[in-house]
Amino acid sequence: MFLHRIQFDDCPTYFWIFGHVLSAAFCLWLLSRKRPISGLLFFSIMAAITGIMRLPVFLFNYQIDPDEAQALAQGITLAVDPVIYRSVDPTTGGPLTSYLLACLSHLGFTLDFQLAHVLGWMFTLAALALVYYTANYLHLGTTVQWAAVPFAALLSFTQMRDFVHFYSETLSILTLSAGVWFLGRWSYYKDFKTIELVAFGVLMGLLPLCKLQAVPMAFVVGVFALVQIFMFQKQKFVPYAALTIGAVLLVWAGWCLILWGNHVLDDFFTYYIKANFQYKNNLASATQR
């Protein structure tokens, strides 16, 4: 393949210069316009520029961070034995990330570091797209496009491994962005569809399984959704709220039932819930020293 012939050294100066010139041209063209371009065109250009500038990372088929190797190993294992905590211990990472990788393995994808690096970029760009379309509900078309440019520059040119490696937080960020998109949609239309409320509840229920540290943010987003329901549909607040909360509880009831049926429910609470709290306490103690 053509991409296999591309080589990058530790400091591809000319390649970076090309990317900066390309990004600058896009920024100048965007700033010179009095009207925003279409969302599809905007994100097509964003994906092209950020994707091109991430080529050194995409083609680097080795771990940038140990978490990548751990996530891939868990995905490969779950593709063979899908019972988590019996076959693997995802430690403080969200189990849904490992299951996503296992599903990709069943779809024929090779679970290597190149795939992980591409997935990290795709999830980040998708989260940005959801935030962008949320802001459009507030009629901030031109402003949000200008505001997205610095983020695209960071996504393209940063060399810090914390921003370019595949990490479990990407899935939680994407899920949380989808929840915020629902809030923007409901603020605009002031109406709620049953399928939307169920989908929102499922997302908020899955969010702690993406990353437990996202629970406070999920709680804030969920409470704000209930406030919106009360503001816009007071007469239907009880059934709509019950539908949303019920979807959250159904996700967790199903998850716990599956774990209980496979005799690993205690392991889940020990190695995910308790371990995350212990990790937080140890990190806080180390920071204070």
Side-chain angles (χ1 to χ4, degrees), residues 11-58 117-167 169-191 196 200 203 207 210-211 214 216-218 220-221 224-225 227-228 231-232:
C11 187
T13 304
Y14 295 109
F15 182 77
W16 288 342
I17 292 175
F18 167 75
H20 280 85
V21 171
L22 192 64
S23 298
F26 173 61
C27 292
L28 291 174
W29 176 66
L30 192 65
L31 292 171
S32 65
R33 293 178 57 86
K34 296 181 179 179
R35 293 183 178 180
I37 60 177
S38 68
L40 179 60
L41 177 60
F42 177 74
F43 270 97
S44 296
I45 297 174
M46 290 271 285
I49 293 176
T50 58
I52 290 172
M53 296 313 299
R54 279 289 184 94
L55 276 179
V57 177
F58 294 162
H117 298 159
V118 173
L119 283 177
W121 166 74
M122 290 177 60
F123 288 167
T124 304
L125 200 63
L128 177 62
L130 287 169
V131 173
Y132 168 81
Y133 284 108
T134 302
N136 273 346
Y137 283 126
L138 305 176
H139 305 289
L140 299 174
T142 303
T143 304
V144 73
Q145 288 185 358
W146 291 347
V149 168
F151 181 85
L154 173 67
L155 192 62
S156 299
F157 302 113
T158 182
Q159 302 303 310
M160 294 182 63
R161 69 178 188 177
D162 289 341
F163 291 103
V164 298
H165 82 275
F166 179 74
Y167 48 94
E169 287 83 359
T170 52
L171 188 59
S172 61
I173 292 171
L174 178 59
T175 305
L176 188 64
S177 299
V180 173
W181 178 82
F182 276 112
L183 298 184
R185 177 178 175 83
W186 293 334
S187 295
Y188 182 78
Y189 289 107
K190 297 178 174 56
D191 190 25
E196 293 176 351
F200 177 82
L203 285 173
L207 192 53
C210 298
K211 195 69 176 179
M217 290 174 283
V220 171
V221 172
F224 192 83
V227 171
Q228 283 186 316
M231 290 174 58
F232 303 141

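Residues: numbered from 1 along the sequence shown.
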Problem set entry | Whether F26 and F42 hold their rings parallel, tilted or perpendicular, with breakpoints at 30° and 60° | tilted
Problem set entry | Distance (rounded to the nearest 0.5 Å) between L176 CG and C210 SG | 10.0 Å
Exercise. Looking at side-chain heavy atoms only, is the closest gap between T170 and T124 below 4.5 Å?
Worked result: yes
Problem set entry | Taking every non-hydrogen atom, the tightest pair across I173 and A127 | CG2-CB, 3.9 Å
For this session: Begin from the C-alpha positions of V131 and V180 and carry the test side-chain contact (heavy atoms from CB on, under 4.5 Å) through to its verdict.
Result: CA-CA 7 Å; V131 173; V180 173; 5.8 Å; no
For this session: Assign the ring pair Y137 / Y188 to parallel, tilted or perpendicular, where the plane angle (0 to 90°) is split at 30° and 60°.
Result: tilted
Problem set entry | Distance, nearest 0.5 Å, that separates CE of M53 from CG of L55 | 8.5 Å
For this session: Determine whether T158 and V164 make a side-chain contact, defined as any pair of heavy atoms from C-beta on separated by less than 4.5 Å.
Result: yes
Exercise. Taking atom OG of S23 and atom CH2 of W16, what is their separation to the nearest 0.5 Å?
Worked result: 14.0 Å
For this session: Could you check if a side-chain atom of I52 sits within less than 4.5 angstrom of a side-chain atom of F15, using non-hydrogen atoms only?
Result: yes
Problem set entry | Reported CE-to-OG1 distance for the pair M217 and T175, which is rounded to 0.5 angstrom | 11.0 Å
Exercise. So, the side chain of Q228 versus the backbone of L183: is there a donor-acceptor pair under 3.5 Å, distance only?
Worked result: yes
Exercise. Can you find a heavy atom in the side chain of F18 that is under 4.5 Å from one in the side chain of V21?
Worked result: no
Exercise. Is a donor on one side and an acceptor on the other found under 3.5 Å between the side chain of S32 and the backbone of W29?
Worked result: yes
Seminar exercise, completed: Tightest non-hydrogen contact, residues V149 and C27, listed as CG1-SG, 3.1 Å
Problem set entry | Exercise: identify the closest heavy-atom pair between G179 and L203 | N-CD1, 4.4 Å
Exercise. Which heavy atom of L207 sits nearest a heavy atom of A214, and at what distance?
Worked result: CG-CB, 3.9 Å
For this session: Please report the shortest heavy-atom distance between T134 and G184, naming the atom on each side.
Result: CG2-CA, 4.0 Å
For this session: For the pair L128 and F43, evaluate side-chain contact (heavy atoms from CB on, under 4.5 Å) and give the outcome as yes or no after the intermediate values.
Result: CA-CA 9 Å; L128 177 62; F43 270 97; 4.0 Å; yes
For this session: Mind listing the closest non-hydrogen atom pair of M46 and A148 along with its distance?
Result: CE-O, 3.9 Å
Problem set entry | Distance (rounded to the nearest 0.5 Å) between L119 CG and L171 CG | 10.0 Å
Exercise. Atom OG1 in T50, atom CG in L154: separation rounded to 0.5 Å?
Worked result: 11.5 Å
Exercise. Between Q145 (side chain) and I37 (backbone), is there a donor-acceptor pair under 3.5 Å?
Worked result: yes
Seminar exercise, completed: When W181, W186, F224 are each screened for ring-ring contact (aromatic ring centres under 6.0 Å, His included) with F200, the one that passes is W186
For this session: Compare all side-chain heavy atoms of R54 with those of V118 and state whether any distance is below 4.5 angstrom.
Result: no
